[in-house]
Amino acid sequence: MTSVQPKPKAKKRFEVKAPEPYKFIRTLGQGRFGSVHEVSKTPSEKHFAIKILPCLSESDFEKNEHEISKLSKNQHRNVVGFVEAIEGDAAHYVVLELCSHSLHDELCETQKLDGKMDVVRVYRVMRDVLDGIAFLHSRGEIYGDLKGSNILIGKDGIAKLGDFGGVVGTGTMKTSNSAECGTMQFWAPEFFKQTGKTGKTGSSIGSFAGDMWAFGQLLLEMLTSRSWIVGGSSVEIEKSVLGFDIGSICSKEGIVGEVQILLSLLLSKNPSQRISSAELVRTNRLQSVLGPETPLSRFFAEELESARSIDMAKIESLENELQKERQERSKKHEALIKEQNEHKKTQQLLHKKEQAHQSDKNQSQVLETELSAAQEKSQNQKNTTEQPRYVPQLLHPTTPGLYSFVFTDPSHFSVNSNEIIRTEVGNKKRRKQLCSSVFLADVFTNGVISVEVTLLSLNYKGDLSFGLMDSNNLIPEVGDNLGLLVENSIGLSTRGTLWFNTPSSDSLEGCHPELKEGDCVRMEVNLDSTPRKVHFFVNGKAGKVYVSGIPSSVRIGFSVAGEGTSIRIDTFSRLSRPTPISEEMEEIEW
Ligand SMILES: Nc1ncnc2c1ncn2[C@@H]1O[C@H](COP(=O)(O)OP(=O)(O)OP(=O)(O)O)[C@@H](O)[C@H]1O
């Protein structure tokens with residue numbers, strides 16, 4: 001019997017088949033430069049996404065290597081997870097974390113239903129995107145292709161930047177080929193270089209300010225549920241971008257106050273007036289999409305009404321004034337505390353002296369031995385009752401150990417996995433250690449949150465404070481004081497002092513022993529109890545006091561003064577139940 005030879009198929013340019021040990025499951029999408037597929041890995045059966053980038057020429061090879069290198073070197077909570085890259089005969093296979101959908105899908109769904117996206121959802125997604133963009137910008141990288149289909153929503157619900165084909169470092173020129181330079185609908189006006197003929201594009205596409213324009217377009221699209229850049233051809237799109245006027249869109253859509261200012265700062269046609277990603281993170285302006293209006297936003301809205309344009313200098317000077325006022329107040333507060341502490345010390349010394357005169361020396365020795373034995377006994381008892389009885393649960397279960405941060409000034413820190421190192425101390429001319437702060441990106445409003453850190457390296461006594469602040473505060477500026485540098489904050493300093501920058505309490509010395517390198521500090525914030533509470537543990541031992549009446553929404557972070565000081569975040573979890581507060585602990589009101 002002769003076997004029938006199958007007719008040879010026409011040779012494909014590259015095979016849409018997964019490389020070993022991956023098995024093809026289904027196609028997820030098709031981009032301009034490659035297709036994306038869901039695959040499972042044998043033998044674990046874990047699912048991933050594989051992006052197939054054809055590699056048919058030298059220039060394809062370079063472009064693919066560039067994308068892979070940018071993605072693998074810039075891993076972050078808000079960047080799609082890179083697993084590995086496999087070089088095939090005619091393609092590069094990039095294995096990625098499998099995400100559930102793109103922001104573009106979500107926007108299409110909302111538009112189909114004729115609805116508007118919930119503002120909390122808008123805020124959450126855009127804050128994730130901003131953190132990702134700010135992270136890239138802090139490393140001198142431009143994202144270059146921000147749009148809904150490049151924002152992927154992970155299985156963990158976190159928005160991440162995907163598709164690193166557009167990423168370039170500063171100083172790198174991009175080609176003028178629009179197919180390789182992001183998507184025209186998201187191009188900033190300055191990228192359309194008018195040469196007399198419309199449709200001609202500039203030679204350098206992509207800048208930090210260009211990323212912020214695209215961020216603004218995306219935010220506007222999410223808030224209004226429609227895209228404002230229209231047109232089917234490049235000429236029409238160019239016309240639409242150059243004629244774009246955020247002022248008239250805001251009045252048409254009834255967008256006022258802080259949100260209008262935010263959009264105007266992002267969608268300013270002048271790139272030098274556009275807000276930077278670092279400034280947007282620092283000022284926390286994005287939070288305005290959540291409303292409600294503040295007196296400051298009303299002031300700005302009135303200003304806008306009359307001027308119809310944003311006076312950047314005025315905004316900056318207002319913010320500087322506000323900041324100065326805060327710093328003055330916090331200096332006064334600190335001086336007052338110092339004075340009170342000095343007074344307390346003198347009083348205590350006088351009291352001790354009096355006691356020494358009155359008592360018999362021998363009797364006092366007997367008493368002291370009895371006292372220390374009793375203290376030891378009670379400490380032992382305390383330790384047994386304070387064993388943590390909770391089941392830790394990671395807040396970001398799919399990316400255990402990787403957290404994202406908000407910095408006073410990212411250039412003052414370097415982050416290596418969960419280790420945060422203070423690299424710069426600011427204005428060295430002043431020969432002073434200037435304090436800088438770093439916060440976990442999350443704002444907490446409920447639950448029992450436990451954050452445990454190890455002090456890896458301390459530069460000098462009292463150079464670090466670990467605590468929380470009211471999330472309504474702006475991220476503080478670099479400054480002279482420790483504490484968290486702002487009002488409505490508390491922190492445990494490495495001197496063992498509990499700092500209070502609160503309306504009703506003074507800082508307390510000796511709450512814990514002085515902290516040293518290698519010590520492990522845990523802060524437990526209970527936002528579910530009435531009143532809300534926070535307490536600290538050093539190497540498992542609770543302090544003498546706990547704080548009640550903390551704000552309903554808080555940020556957790558550090559203020560660091562010493563150059564080279566480093567901390568590691570060991571656990572960051574939600575506890576199923578709070579650690580009981582011992583009756584011996586004193587309650588101090590916020
Ligand atoms: N890691 C992933 N997990 C799940 N889906 C993904 C993943 N990466 C990409 N996708 C899906 O595949 C589609 C194609 O992605 P790709 O990045 O190749 O192109 P694009 O962004 O849609 O288009 P363009 O190439 O024009 O930028 C995306 O729209 C997205 O829906």
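Just so you know, ligand 1 is whichever comes first in the structure, and atom 1 is the first atom listed for that ligand.
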Open item on the list: Is it the case that the ring center of Phe244 lies less than 6.0 angstrom away from the ring center of Trp213?
Closed with: yes

Open item on the list: Is the distance between the ring centroids of Phe82 and Phe164 under 6.0 Å?
Closed with: no

Task: Heavy-atom proximity to atom 31 (O) of ligand 1, best of Gly154, Ser35, Ser102, Gly29 - done: Ser102

Task: From CD (Glu87) to CG (Asp89), nearest 0.5 Å - done: 9.5 Å

In terms of residue, atom name and distance, what is the protein heavy atom nearest to [atom]?
atom: atom 17 (O) of ligand 1; answer: Lys51 NZ, 3.3 Å
atom: atom 25 (O) of ligand 1; answer: Arg32 N, 2.8 Å
atom: atom 3 (N) of ligand 1; answer: Cys99 N, 2.9 Å
atom: atom 23 (O) of ligand 1; answer: Gly31 CA, 3.6 Å
atom: atom 2 (C) of ligand 1; answer: Ala49 CB, 3.6 Å
atom: atom 10 (N) of ligand 1; answer: Val36 CG1, 3.7 Å
atom: atom 22 (O) of ligand 1; answer: Ser149 OG, 3.6 Å
atom: atom 5 (N) of ligand 1; answer: Leu28 CD1, 3.7 Å

Using a strict cut-off of 4.0 Å, indicate which atoms of ligand 1 neighbour a heavy atom of [X].
X: Glu97; result: 1 (N), 2 (C), 3 (N)
X: Lys147; result: 23 (O), 24 (P), 26 (O), 27 (O)
X: Asp145; result: 27 (O)

Open item on the list: Side chains of Tyr143 and Leu161, heavy atoms from C-beta outward: is any pair under 4.5 Å?
Closed with: yes

- [ ] Please tell me if the side chains of Glu45 and Lys23 come closer than 4.5 Å, counting only heavy atoms from C-beta onward.
- [x] yes

Open item on the list: Parallel, tilted or perpendicular, judged at 30° and 60°: which one describes the rings of Phe558 and Phe466?
Closed with: parallel

Open item on the list: What I want to find out is whether Glu279 reaches Arg285 closely enough, with some N-O distance under 4.0 Å, to be called a salt bridge.
Closed with: no

- [ ] May I ask you to decide whether Arg26 forms a salt bridge with Glu38, counting only side-chain N to carboxylate O separations under 4.0 Å?
- [x] yes

TODO: For the pair Asn150 (side chain) and Leu146 (backbone), establish whether a donor and an acceptor sit closer than 3.5 Å, ignoring hydrogens and angles.
DONE: no

- [ ] May I ask whether Gly34 places a heavy atom under 4.0 Å from ligand 1?
- [x] yes

Task: N/O separation below 3.5 Å, Asn150 to ligand 1 - done: yes

